[in-house]
2 protein chains.
Amino acid sequence: MAAISGGKTYHHGDLRNALICAAVDLATEGGPERVVLREAARRVGVSPTAAYRHFDGRGELLRTVRTHARCVLADAMERAAGREPGADDPALAAERRLAALCRGYVGFAVDQPGLYRAAFCVLRPDGTAGAMPERQVPEPEIRAFTLLRDAIEGLARVGTPRPAVRPAAGAAAWSAVHGLSLLLLDGPLRRLPAQRRNAVVETTLAMVVSGTRAL
Amino acid sequence: MAAISGGKTYHHGDLRNALICAAVDLATEGGPERVVLREAARRVGVSPTAAYRHFDGRGELLRTVRTHARCVLADAMERAAGREPGADDPALAAERRLAALCRGYVGFAVDQPGLYRAAFCVLRPDGTAGAMPERQVPEPEIRAFTLLRDAIEGLARVGTPRPAVRPAAGAAAWSAVHGLSLLLLDGPLRRLPAQRRNAVVETTLAMVVSGTRAL
DNA sequence: CCGGAATGTTCATGCTGGCAACATCGGGCA
DNA sequence: TGCCCGATGTTGCCAGCATGAACATTCCGG
């Protein structure tokens with residue numbers, strides 16, 4: 001992250017990484033719209049156009065930040081689930097794990113609003129608004145989603161009365177925590193005092209868990 | 001919306017409204033970030049700075065668009081609920097109404113992605129990132145939310161076993177449909193074929209309805 | 001040791017938001 | 001009736017941003 005020598009050389013040596021770090025910092029501070037090529041370059045101490053040697057443009061840089069943010073989010077969820085004490089009843093344990101993952105999700109969003117928003121910012125493919133499906137890269141799986149889906153599957157496996165696992169159940173749970181996070185961040189639930197906020201989170205989690213069970 | 005005479009006069013006569021219309025069109029086409037003062041002015045055929053006579057700046061214009069979009073969203077929800085056939089069983093009717101409202105919500109988001117995103121875009125208060133709580137205008141109630149909350153209250157009133165209506169239940173339901181909408185629009189559920197998308201919507205609705213009942 | 005490929009820099013273009021000074025119109029008041 | 005002032009638009013200007021072209025420097029492999 002930091003260059004070894006203090007002596008400034010013409011070549012930075014690790015510009016790409018340095019730019020990513022700066023951009024992540026920017027996103028952390030002010031969300032995706034704050035991720036600005038010139039500012040990232042400025043912080044690294046390099047001319048703006050230098051970034052073009054390593055990224056196609058602002059979009060590419062933002063995409064990289066987004067990938068990083070998604071990764072950090074999933075890590076936070078796993079950590080939250082890891083802290084959850086086990087339970088003798090496997091069904092209870094599965095429920096607790098799902099709830100813990102969701103809590104981790106929302107907690108990350110609240111603690112790191114900028115990064116969270118960057119994790120799900122929309123990225124215009126490019127200026128050409130034409131047809132051309134071209135790059136049909138299926139887009140790497142988002143680990144946060146995988147975690148939720150697996151937790152729900154686990155819930156279905158041990159649950160009583162062992163509900164059929166609907167393929168869309170993961171998306172439903174994800175919708176709830178995602179929407180909740182955004183409403184808490186920029187939405188109308190923004191200024192909720194911590195106490196009330198917690199109540200909303202727990203209510204939503206209850207809805208998700210029992211709603212999933214009933215699917 | 002349109003000026004009566006074709007003859008261009010120095011004074012537009014209804015610039016504020018014309019700008020709002022143009023801005024709404026822009027939002028419809030490309031979401032809130034597309035709402036650009038200069039472009040709106042250009043479409044109306046007026047100089048950019050003229051807009052400053054009617055709006056404090058881009059933020060004000062966007063805020064107006066947002067208000068409009070929220071209103072249109074609520075209208076769409078009410079229309080969707082109105083189309084829903086009644087039921088003899090009041091509990092069933094209440095459930096149907098809630099589901100219909102939710103379907104209207106998501107349907108609007110999918111049909112009008114730009115407007116929907118504008119309806120919930122985040123608006124930096126102003127450049128001054130200082131303290132100064134100042135304008136504590138409690139922000140007008142969002143009708144879409146009110147509709148959901150009332151529907152849930154209605155559900156609780158006639159439901160069996162008549163669950164206590166949790167104050168946060170509305171927020172939970174809102175979270176689900178909001179998150180679902182965003183995941184469908186820009187999120188990873190973007191490219192879902194209509195059939196699969198419908199399945200996800202219905203599953204989420206089922207989760208909301210039964211999850212709310214279990215609260 | 002040297003020349004090409006990487007990597008950075010400067011310069012230029014075109015977009016945006018925003019401010020100040022100036023121009024024009026139109027309605028109310030003497 | 002006529003005139004003046006405020007509302008409304010305009011031109012000019014500046015700063016910040018994305019992006020591309022042409023040029024400079026450095027590093028590394030043959």
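Sequence lines set the chain letters: A, B, ... in the order given, protein chains first and strands last, and positions in each chain run from 1.
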- Scan Arg42(A) against the nucleic acid and name what it touches under 4.0 Å (heavy atoms): base, sugar-phosphate only, or nothing. sugar-phosphate

- Query: Separation of Arg38(B) atom CZ from dT16(C) atom C1', in whole Å?
  - Reply: 6 Å

- Message: So that I know where these two stand, are Tyr105(A) and Phe145(A) an aromatic pair - ring centroids less than 6.0 Å apart?
- Response: no

- Message: Rounded to whole Å, how long is the line connecting atom CZ of Phe55(A) with atom P of dT7(C)?
- Response: 12 Å

- Message: Does this structure show an ion pair linking Arg43(A) with Glu39(A), if we count only N-O contacts that are shorter than 4.0 Å?
- Response: yes

- Query: Under a 4.5 Å cut-off applied to non-hydrogen side-chain atoms, are Trp174(A) and Val200(B) in contact?
  - Reply: no

- Do Met77(B) and Arg143(B) have side-chain heavy atoms sitting under 4.5 Å apart? no

- Query: Is the base of dT19(D) touched by the side chain of Thr49(A) through a donor-acceptor pair closer than 3.5 angstrom?
  - Reply: no

- Note on the structure: Per nearest nucleotide of DNA chain D, the residue lying toward the 5' end, Val36(A) or Asp56(A), is Val36(A)

- Item | Distance, rounded to the nearest Å, where Glu60(B) contributes CD and dG17(C) contributes P | 15 Å

- Rounded to whole Å, OH of Tyr52(A) lies from P of dC17(D) at a distance of 12 Å

- Looking at dT10(C), does its base get a donor-acceptor pair with the side chain of Ser47(A) below 3.5 Å? no

- Query: What is the distance, rounded to the nearest whole Å, between atom CZ of Arg34(B) and atom P of dC15(C)?
  - Reply: 14 Å

- Look at the side chain of Arg58(B) and the base of dG18(C), then say whether one donor and one acceptor between them are separated by less than 3.5 Å. no

- Euclidean distance, atom CZ of residue Arg16(B) to atom P of dA7(D) [Å, nearest integer]: 15 Å

- Separation of atom CG in Leu26(B) from atom P in dT16(C), rounded to whole Å: 10 Å

- Query: To the nearest Å, how far apart are Leu37(B) CG and dC19(C) C1'?
  - Reply: 13 Å

